[in-house]
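Structure, as structure tokens:
Just so we're clear, the structure is a prediction, and the values are computed from it rather than from any experiment. Values reported hereafter were calculated over all heavy atoms of this structure, with side chains retained and with hydrogens, waters and symmetry mates removed. Each chain gets a letter, A, B and so on, in the order the sequences are listed, and its residues count up from 1.
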Number of protein chains: 2
Amino acid sequence: MIMVNNKLIDVTFKKYGLRKTSFRKNLFELFHNSSNTLSAKEISSKFSSSADKVSIYRALESFEKSGLIHKVPDKNNLLRYSLCKSECRPNKHAHDHAHFLCSVCEETFCLDDFTLPSTKSHNGFLINDLKIIMEGTCVSCKSI
Amino acid sequence: MIMVNNKLIDVTFKKYGLRKTSFRKNLFELFHNSSNTLSAKEISSKFSSSADKVSIYRALESFEKSGLIHKVPDKNNLLRYSLCKSECRPNKHAHDHAHFLCSVCEETFCLDDFTLPSTKSHNGFLINDLKIIMEGTCVSCKSI
DNA sequence: TATTAAACGCAACTGAATTGCGTTAAAATT
DNA sequence: AATTTTAACGCAATTCAGTTGCGTTTAATA
């Protein structure tokens, strides 16, 4: 099942200080092979068996804390994640891109080339983090 | 308990086609007197008694459908609402403002004067709705 | 005043996410 | 290589926001 080369797993897991259990290696691979974002439920359905949901949630939490994945918004208020860009660090995620929720297929996309305003304060409010969330019709659904 | 004048309630409820039950009048008043946003739990705690949570959820849904209130993002994935601006209509909400979540007091604020980009498409993605969500320290918490 | 339609309120339910805890397995140490 | 240590696993049980069903009440209306 491992399609991502082992070197990449070694390097990545070392970089992020993660233990190489078979489940977490598979989970990393799944993220690596997914073009868009994943929820716990979707992850669960992609593992044929023996992927306890608690393990999924704990792995996601651990991956997020280490800076390997990041949360993305979801229409139905689910926890949803995506691989981080290479610049991300455990305590400083650099996600200067917008997220797009398709109302047709319900998928969530990272629009990496839609850059965010870099405003640091507004009317006395100090801004640490700024997210842009769009809703509409994605490229694929548009052309159906 | 009714502090908002009755004329306003009459006018508003008529405008939005809402029934004037005592609970919904109180709920409207609560929104009207709140400077920032409200979750079902907060609403519940502000009514001394006899505000069944089901009634709260149904009233919120009804208020939202009529265009009186709108959903706002929440850090903990709760349903959270705020009064709409006067331009809003049942099927067309006009919330061209950003939302700010304070990491200190956990309150959510509508920044009415932070206007959003009016992009209608990006790389083939059709954008119907665009939200900006900021996190940081609000004016009050900053000066503590 | 009688009718009818929406809102209420209680109980029960759903489903995502979390907690506890004993067991297993990876990494570190000897 | 064998032992110790520590993180991850997996199962059951729990929490908590939000929803559904249904009989009752209350506001709008005819």
#### Entry: With sequence neighbours excluded, residues passing salt bridge (charged side-chain N to carboxylate O under 4.0 Å, His left out) with A:Lys20
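Result, salt bridge (charged side-chain N to carboxylate O under 4.0 Å, His left out) vs A:Lys20: A:Asp10.
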
## Note on the structure
Residues at least two apart in sequence or cross-chain that pass salt bridge (charged side-chain N to carboxylate O under 4.0 Å, His left out) with A:Lys142, listed by chain then number, are none

Rounded to the Å, how far apart are [X] [atom1] and [N] [atom2]?
X       : N      : atom1 : atom2 : answer
A:Phe47 : D:dC9  : CZ    : C1'   : 14 Å
B:Ile43 : D:dG18 : CD1   : P     : 10 Å
B:Lys25 : D:dT26 : NZ    : P     : 13 Å
B:Ile56 : D:dT20 : CD1   : C1'   : 17 Å
B:Lys14 : D:dT29 : NZ    : C1'   : 14 Å
A:Leu60 : D:dC9  : CG    : P     : 11 Å
A:Asp52 : D:dC9  : CG    : C1'   : 8 Å

### Task
Give the first and the last nucleotide of DNA chain C, reading 5' to 3', that has any atom under 4.0 Å from a heavy atom of chain B.
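From 5' to 3', the first and last contacting nucleotides are C:dA5 to C:dA11.
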
### Query
Over its full length, what angle do the end axes of the helix from C:dT1-D:dA30 to C:dT30-D:dA1 make, each axis taken from five pairs and the result rounded to 10 degrees?
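Computed angle between terminal axes is 30°.
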
### Query
Do the charged groups of B:Glu29 and B:Lys25 touch, with an N to O distance under 4.0 Å?
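Not counted as a salt bridge, because no side-chain N and carboxylate O are separated by less than 4.0 Å.
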
### Task
Mind running a 4.0 Å heavy-atom check of residues 75-82 of chain B against DNA chain C and sending the residues that fall below it, in number order?
none

Taking only N/O atoms, report every protein-nucleotides 6-8 of chain D pair under 3.5 Å with atom names and distance.
from  : atom 1 : to      : atom 2 : distance (Å)
D:dT6 : O2     : A:Arg19 : NH2    : 3.1
D:dA7 : O4'    : A:Arg19 : NE     : 3.4
D:dA7 : O4'    : A:Arg19 : NH2    : 2.7
D:dA8 : OP1    : A:Arg24 : NH1    : 3.0

Which residues satisfy the ring-ring contact (aromatic ring centres under 6.0 Å, His included) test with [X], sequence neighbours excluded?
X        : value
B:Phe23  : B:Phe47
B:Phe100 : A:Phe125
B:Phe31  : none

### Task
Please step through side-chain contact (heavy atoms from CB on, under 4.5 Å) for the pair A:Cys138 and A:Cys105, ending with a clear verdict.
CA-CA 8 Å; A:Cys138 76; A:Cys105 63; 4.0 Å; yes

### Query
Within a radius of less than 6.0 Å around NZ of A:Lys41, do more than 12 heavy atoms belonging to other residues, nucleotides or ligands occur?
no

### Beyond-backbone contact of A:Ile132 with A:Pro117, side-chain heavy atoms, under 4.5 angstrom
yes

### Query
Listed by chain and number, what are the side-chain contact (heavy atoms from CB on, under 4.5 Å) partners of B:Ser121, not counting sequence neighbours?
B:Leu126

### Message
What's B:Lys53 touching, base or sugar-phosphate or nothing? Going by heavy atoms closer than 4.0 Å.
### Response
base

### Message
Run the side-chain hydrogen bond (donor to acceptor under 3.5 Å, both in side chains) test against A:Glu42 and tell me which residues pass, sequence neighbours left out.
### Response
A:Arg80

### Query
Which residues pass the side-chain hydrogen bond (donor to acceptor under 3.5 Å, both in side chains) test with A:Ser62, sequence neighbours left out?
A:Arg24

### Message
With rounding to the nearest 0.5 angstrom, report the OG1 to CZ distance, A:Thr37 to A:Phe109.
### Response
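Here the rounded value is 8.5 Å.
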
